[in-house]
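Structure, as structure tokens:
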Amino acid sequence: MTKKIAVLAGDGIGPEIVAEAVKVLNALEKDGLDIELEYGLIGGAAYDEAGTPLPEETLVISKSADAILLGAVGGYKWESLDISVRPEKGLLGIRSALNLFANLRPAILYPQLADASTLKSEVVAGLDLMIVRELTGGIYFGQPRGVRVLDNGEKEGFNTLVYRESEIRRIGKVAFDIARKRQGRLCSVDKANVLECTELWRETMTELAGDYTDVDLSHMYVDNAAMQLVRAPKQFDVMVTTNMFGDILSDCASMLTGSIGMLPSASLDESGKGMYEPIHGSAPDIAGQNIANPLATILSVAMMLRYTLDESLMANRIENAVEKVLEQGIRTADIYSEGTTKVGTSEMGDAVIAAL
Ligand code: IPM
Ligand code: MG
């Protein structure tokens with residue numbers, strides 16, 4: 001049966017990198033992948049067109065699709081808008097509306113890029129880490145939130161960090177299940193020494209461990225986890241953490257792999273339907289110049305094939321093709337080093353297709 005894929009390119013480099021990912025999908029169609037693409041607006045592009053970063057039509061397309069491919073949102077142009085209509089709200093809104101609570105952010109170091117990392121190659125060589133980030137709760141969505149004016153006229157900003165046991169358990173299960181299929185080690189990251197909410201997080205993870213006696217659960221405070229990620233990242237197999245900690249730690253982990261331009265992600269709901277996007281942002285400073293790295297988006301397509309479309313052989317093909325291209329020394333600017341060949345966004349997409 002034909003699978004429907006909603007394509008939401010968004011802002012900045014979004015359209016360029018998504019175009020390359022679509023080229024890869026089209027190439028796979030020739031080999032029998034039965035898909036239909038439907039395009040929608042999100043972020044600043046949607047605001048400009050429809051006055052909202054998440055038009056109803058985009059939600060309709062996305063809800064009826066089997067999977068969603070997203071580029072990135074945001075840019076200088078929209079920074080002064082009210083927070084309620086900023087591009088980022090479109091992204092947060094679709095995550096929430098589709099209940100995409102489980103965000104999987106793998107950080108894998110391709111051996112060919114060991115020198116592109118700012119860390120010593122022996123520290124990162126062989127790195128294969130999965131960060132499982134809770135995506136629809138925590139301080140990103142907690143109420144109350146806002147900025148109020150106190151009696152003395154001073155302004156006060158406030159946000160709420162809140163997690164229910166059921167929310168912690170559901171992301172915990174996803175992480176334990178993933179750990180089970182990997183090396184069987186799960187590190188839950190919290191700030192239980194200071195924040196009650198994450199004390200509950202730790203207790204709930206510990207309880208859940210009773211159902212997963214084959215997984216080795218450990219706990220780490222987030223400050224230490226940030227340090228350990230750059231000190232000795234290979235100690236980790238799977239990490240599970242809150243929305244905000246996961247946002248921060250996954251950016252940190254991305255640099256272990258040489259470039260944030262290499263990291264894909266999947267955001268899944270309870271039934272495995274998902275939205276797939278690179279973890280990097282819209283990079284407005286390099287938008288429209290054909291220099292952005294499309295590999296994170298192309299690798300997000302591989303995740304889509306594996307997790308939602310049940311086409312793991314095609315997913316493997318994409319991942320192998322990316323590896324082959326790196327082997328050939330083909331690099332976008334962010335991962336370029338002396339002795340390799342620098343190419344643009346679309347040439348990188350072409351190279352992946354040629355290697356498929
Ligand atoms: C990410 C991004 C988003 C987030 C922004 C763009 C809202 O940083 O996907 O990591 O904070 O979740
Ligand atoms: Mg982020």
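These numbers come from a predicted model, not from an experiment.
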Evaluate the criterion side chain to side chain contact (heavy atoms under 4.5 Å, CB included) for residue pair D31 and L356; output intermediate values, then yes/no.
CA-CA 11 Å; D31 294 340; L356 267 178; over 6 Å; no

Side chains of R306 and N316: do they bring a donor and an acceptor to under 3.5 Å?
yes

Lys/Arg N to Asp/Glu carboxylate O, E38 vs K4, below 4.0 Å:
yes

Donor-acceptor contact below 3.5 Å, side chain K273 vs main chain A65:
yes

Take T242 and W201, measure what side-chain hydrogen bond (donor to acceptor under 3.5 Å, both in side chains) needs, and give me the verdict at the end.
CA-CA 9 Å; T242 63; W201 178 281; over 6 Å; no

Same cluster for V352 and I5 if Ile/Leu/Val/Met/Phe/Trp/Tyr side chains link at under 4.5 Å?
yes

Looking at R169 and R164, would you say the former's side chain and the latter's main chain have a donor-acceptor pair under 3.5 Å?
no

Taking atom types as modelled and ignoring hydrogens, do the side chains of N193 and E199 form a donor-acceptor contact shorter than 3.5 angstrom?
no

Provide the closest heavy-atom pair for I131 versus A253 in the form atom of the first, atom of the second, distance.
CD1-CB, 3.8 Å

Answer yes or no: is there a donor N or O on one side and an acceptor on the other, between the side chain of E16 and the main chain of G288, under 3.5 Å?
yes

Closest approach of G126 and L109, non-hydrogen atoms and distance?
N-CD2, 4.3 Å

Tell me whether the count of non-hydrogen atoms from other residues, nucleotides or ligands lying under 6.0 Å of CG in N152 goes above 12.
yes

From CZ (F236) to CD (Q228), nearest 0.5 Å:
5.5 Å

In the structure I gave you, are the side-chain heavy atoms of L8 and Y39 within less than 4.5 Å of one another anywhere?
no

Counting neighbours of CG on D310 that are heavy atoms of other residues, nucleotides or ligands and sit closer than 6.0 Å, is the number greater than 12?
no

Which of I318, L299, V322 passes side-chain contact (heavy atoms from CB on, under 4.5 Å) with V24? Answer is I318

Is a donor on one side and an acceptor on the other found under 3.5 Å between the side chain of T204 and the backbone of E165?
no

Between the side chains of D115 and S337, is a donor N or O closer than 3.5 angstrom to an acceptor N or O?
no

Please test I330 against T340 for side chain to side chain contact (heavy atoms under 4.5 Å, CB included), starting from the C-alpha separation and ending with a verdict.
CA-CA 6 Å; I330 298 172; T340 61; over 6 Å; no

Any link between L69 and I42 through a network of hydrophobic side chains (Ile, Leu, Val, Met, Phe, Trp, Tyr) touching at under 4.5 Å?
no

Kindly compute the distance separating CG (L161) from OH (Y163), expressed to the nearest 0.5 Å.
7.0 Å

Does some side-chain heavy atom of R170 sit less than 4.5 Å from a side-chain heavy atom of K173?
no

Minimum-distance pair of heavy atoms, taken over all atoms of M262 and L295:
SD-CD1, 3.7 Å

Of all heavy-atom pairs between N243 and L135, which one has the smallest distance, and what is that distance?
ND2-O, 3.3 Å

So CD of E134 and CG of D247: to nearest 0.5 Å the spacing works out to 12.5 Å

Is any side-chain heavy atom of Q112 closer than 4.5 Å to one of Q328?
no

Gap separating the CG atom of L305 from the CG atom of L313, nearest 0.5 angstrom:
10.5 Å

Is it the case that the side chains of R185 and Q183 hold a donor-acceptor pair, with the cut-off being a distance below 3.5 Å and no angle test?
yes

Determine whether the side chains of T206 and H219 contain a donor N or O and an acceptor N or O closer than 3.5 Å.
yes

Taking the side chain as everything from C-beta on, heavy atoms only, tell me whether F176 gets closer than 4.5 Å to V240.
no

State whether R202 and D190 are salt-bridged, where the test is any N-O pair (Lys NZ or Arg NE/NH1/NH2 against Asp/Glu carboxylate O) under 4.0 Å.
yes

F158 six-ring centre to R148 NZ/CZ under 6.0 Å and within 45° of normal:
yes

Would you say L28 ends up clustered with Y276 if hydrophobic residues are merged whenever their side chains have heavy atoms under 4.5 Å apart, either directly or through other cluster members?
yes

Taking S265 for its side chain and E277 for its backbone only, find out whether a donor-acceptor pair lies under 3.5 Å.
yes

Does any N or O in the side chain of S282 come within less than 3.5 Å of the main-chain N or O of G12, such that one atom is a donor and the other an acceptor?
no

Please determine whether the number of non-hydrogen atoms from other residues, nucleotides or ligands lying under 6.0 Å from atom CD of E57 exceeds 12.
no

Answer with yes or no whether the hydrophobic clustering places L249 together with F101; edges join I, L, V, M, F, W, Y residues whose side-chain heavy atoms lie under 4.5 Å apart.
yes

Looking only at heavy atoms, what is the nearest atom pair of G75 and P284, with distance?
CA-CG, 4.0 Å

Begin with the C-alpha distance, continue with both residues' side-chain angles, and end with the deciding distance and a verdict on salt bridge (charged side-chain N to carboxylate O under 4.0 Å, His left out) for R182 and D237.
CA-CA 8 Å; R182 293 171 46 107; D237 177 20; 2.9 Å; yes

Over all heavy atoms of both residues, which pair between L100 and S267 is shortest? Give the atoms and the distance, please.
CD2-O, 3.4 Å

Please confirm whether R180 makes a cation-pi placement over Y212, using NZ or CZ under 6.0 Å from the six-membered ring centre and within 45° of the ring normal.
no

Start with the C-alpha gap between M348 and E20, add the side-chain angles, then the distance that decides, and say whether side chain to side chain contact (heavy atoms under 4.5 Å, CB included) holds.
CA-CA 8 Å; M348 182 57 107; E20 298 314 306; over 6 Å; no

same_hphob_cluster(I298, V18) at 4.5 Å side-chain heavy-atom cutoff:
yes

Please step through side chain to side chain contact (heavy atoms under 4.5 Å, CB included) for the pair T332 and K342, ending with a clear verdict.
CA-CA 5 Å; T332 40; K342 198 188 283 183; over 6 Å; no

Is S117 reaching over with its side chain to a backbone N or O of L119, donor-acceptor style, under 3.5 angstrom?
yes

Quick one: does E311's side chain get under 4.5 Å of L33's, heavy atoms only?
yes

4.5 Å side-chain heavy-atom contact, L98 and I68:
yes

E156, CD atom: more than 12 neighbouring heavy atoms under 6.0 Å:
yes

Centroid-centroid under 6.0 Å between W78 and Y47 rings:
no

Any F141 side-chain heavy atom under 4.5 Å of T160 side chain
no

Pairing donors with acceptors under 3.5 angstrom, does anything connect the side chains of N293 and D334?
yes

Quick check against the 3.5 Å criterion: does T198 have a side-chain atom that pairs as donor or acceptor with the backbone of L195?
yes

Is it true that atom CD of E49 has more than 12 heavy atoms of other residues, nucleotides or ligands lying nearer than 6.0 Å?
no

Any donor-acceptor N/O pair, T345 side chain to I291 backbone, under 3.5 Å
yes

Rounded to the nearest 0.5 Å, what separation is found between the CZ atom of R317 and the OG atom of S312?
12.5 Å

Please report the interatomic distance CG(L113) to OG1(T257), rounded to the nearest 0.5 Å.
7.5 Å

Within the distance-only criterion (no hydrogens, no angle test), does the side chain of D11 pair as donor or acceptor with the backbone N or O of G74 below 3.5 angstrom?
yes

Under 4.5 Å between any side-chain heavy atoms of M239 and M130, yes or no?
no

